2 protein chains.
Amino acid sequence: MNDTSFNPRDCGTCPIRHRAVCSRCEPDELDHLDDIKYYRTYEAGQPVIWAGDPMEFVASVVTGIATLSQTMEDGRTQMVGLLLPSDFIGRPGREHAPFDVVAVTDLTLCCFRKKPFEDLMGSTPSIGGRLLQMTLDELDSAREWMLVLGRKTAREKIASLLMIIARRDAALHKRLPKDGVEFDLPLTREAMADYLGLTLETVSRQISALKKVGVIQLQGKRQVHIPDLQRLVSETGDDMDGGHIF
Amino acid sequence: MNDTSFNPRDCGTCPIRHRAVCSRCEPDELDHLDDIKYYRTYEAGQPVIWAGDPMEFVASVVTGIATLSQTMEDGRTQMVGLLLPSDFIGRPGREHAPFDVVAVTDLTLCCFRKKPFEDLMGSTPSIGGRLLQMTLDELDSAREWMLVLGRKTAREKIASLLMIIARRDAALHKRLPKDGVEFDLPLTREAMADYLGLTLETVSRQISALKKVGVIQLQGKRQVHIPDLQRLVSETGDDMDGGHIF
DNA sequence: ATCTTGCTTTGATCCTGATCAAAGTAACTG
DNA sequence: CAGTTACTTTGATCAGGATCAAAGCAAGAT
């Protein structure tokens, strides 16, 4: 991962754009907040929290990637969300974590102790408004993913996942995709399978198939190059005229 | 459907528990709101709104059932939500509907014109807070459903859907399930298939199979009787000790 | 009463993706 | 360097659910 180092006084990715919470906005006034705001780091593979555990903080992702997932008793696992920088973790007003959160890469979280954060929400309505908008976005994303899980073929699922990562990666680096996109695949084949409701073997086979027909190119296992985004889009099964591809 | 008639001055199901919005709380003060609050009815099968259409209201379901769904160009359809009485429809701050909304049964909505509703949210923070909690609940439900779509077998999917309907039905009628539950199945086999990411034939076969082993009993096609809820739970694949079954 | 129409059930067959198994690859370790 | 570990690829086979097809059923229309 391209972990650019960060200064805890100015993480720059906090989604709650309010001076009392995001130190980027008013870095000088924040000393008194140190007892409610702090940073945590996790190594790749470490759990952040398990479903059902009491959760005494909310947080936003500063660097790295985490997954949100659910596991059945017999071991079947379904990932229900991918947390990238600027994504928010936590349920104001809820006691327990609803899902497992695991660091996929090295991870830095900007955490807020829950009680003071909720007090702040009470006294600062704009934070709640911002959080509502973010939650509505997440809900739309989750529902879009339901179409992928319920109705798409393995091939279309892989293409859809690659599009999502390519899109978010391009947005993060503010790079417009002209004649090709290149990015680092942050997930193992197994993690992709858990996201897509497939087995890791099927993921591997479909990636090989996409490589064989030239839709994607791989250097090593993880570096992906997409020469022509339209060809990848046409593999997703999505409406090509959708407009909001990038 | 058991449509109990309702009085437009006191719908009793509005999820926004605030006197300025929900006439149940302070019915006498509400005359001035008639220009922002109104009721709409739809017949079974009628569309409420299509994905992408401009949406000039938000609403809550008073009676009946609606579905939220997505369709691909080739006709594959995935239902992404089931809207039952007291559920909320709409995106404050968004211009266009993200998904198709269709009335499954006869439907009554309690609508608020969007602009005035947003103004009211601005001046009344508790509405935003309530909406945030509801949206977080919906997000959790959507994510739980992702496990169903991605990892469960056809049999488990059917059992999971029956459990959801039984649970919501019991909650609505405030009836505790002692030695059995009985309810009306509001969806066609095809609608169930669209919800579960299956074909209607598979839905029919699995329902027949559950009937044959005695987990469910049918009178006609739609009236379902479940003699022993634990047996149905054990078909869902879910953790039996979960505690929050009912 | 007969004919529609819409929904459901059941049967036969096929195919996508799961499962089981083994070999390949790359990064680390001692 | 060989050996270990973690991940990935590829192969062979299987099975769950999709697809194609036809018949059953109930309510309403003529």
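Quick caveat: nothing in here was measured; it's all calculated off a predicted structure. Quick note: numbers below take in every heavy atom, side chains included, and nothing from hydrogens, waters or symmetry partners. All chains are named by letter (A, B, ...) in the order of the sequence lines, taking the proteins before the strands, and each is independently numbered beginning at 1.
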Reckon B/Arg155 touches a base, only the sugar-phosphate, or nothing at all at heavy-atom distances under 4.0 Å?
nothing
Measure from the ring center of B/Trp50 to the ring center of B/Phe99 and say whether it is less than 6.0 Å.
no
Choose from C/dT9, D/dT8, C/dC7 the nucleotide whose nearest atom is closest to any side-chain atom of B/Arg189.
C/dT9
Hey, does B/Thr199 reach any base, or is it just sugar-phosphate, or nothing, if we go heavy atoms under 4.0 Å?
base
Nearest atoms (heavy-atom pairs only) where A/Leu107 meets A/Ala66:
CD2-CB, 3.9 Å
B/Lys221 NZ - D/dC25 C1' separation (whole Å):
6 Å
Among C/dA18, D/dC7, D/dA18, the nucleotide that comes nearest once only the side chain of B/Thr202 is considered:
D/dA18
With heavy atoms under 4.0 Å as the rule, sort B/Gly197 into base, sugar-phosphate or nothing.
sugar-phosphate
Identify whether any heavy atom of A/Arg76 sits under 4.0 Å from a base atom; if not, whether one sits that close to sugar-phosphate; answer base, sugar-phosphate or nothing.
nothing
Atom-pair distance (CZ on B/Arg222; P on D/dC25), nearest Å:
18 Å
Of the options D/dT8, C/dT8, C/dG17, whose atoms approach the side-chain atoms of A/Thr153 most closely?
C/dG17
Categorize B/Ile207 for me: base, sugar-phosphate, or nothing, with a 4.0 angstrom heavy-atom threshold over every strand shown.
nothing
Tell me what A/Thr188 touches on the nucleic acid: a base, only sugar-phosphate, or nothing, going by heavy atoms under 4.0 Å.
sugar-phosphate
Gap between atoms NZ and P, on A/Lys212 and D/dT9 respectively (whole Å)
13 Å
Return yes if some donor-acceptor pair links the side-chain N/O of A/Trp145 with the main-chain N/O of A/Gly81 below 3.5 Å, else return no.
no
Taking side chain as C-beta onward, heavy atoms only, is A/Arg91 less than 4.5 Å from B/Leu139?
yes
Rounded off to whole Å, could you give me the CG-to-P distance for the A/Leu198 and C/dT16 pair?
14 Å
Selection from D/dC7, C/dC7, D/dT10 that lies nearest to any side-chain heavy atom of A/Arg205:
D/dT10
When every non-hydrogen atom of A/Thr105 is compared with those of A/Ile65, the smallest separation belongs to OG1-N, 2.9 Å
B/Met192 CE - C/dC7 C1' separation (whole Å):
11 Å
At 4.0 Å (heavy atoms only), tell me whether A/Ser208 reaches a base, stays on the sugar-phosphate, or touches nothing.
sugar-phosphate
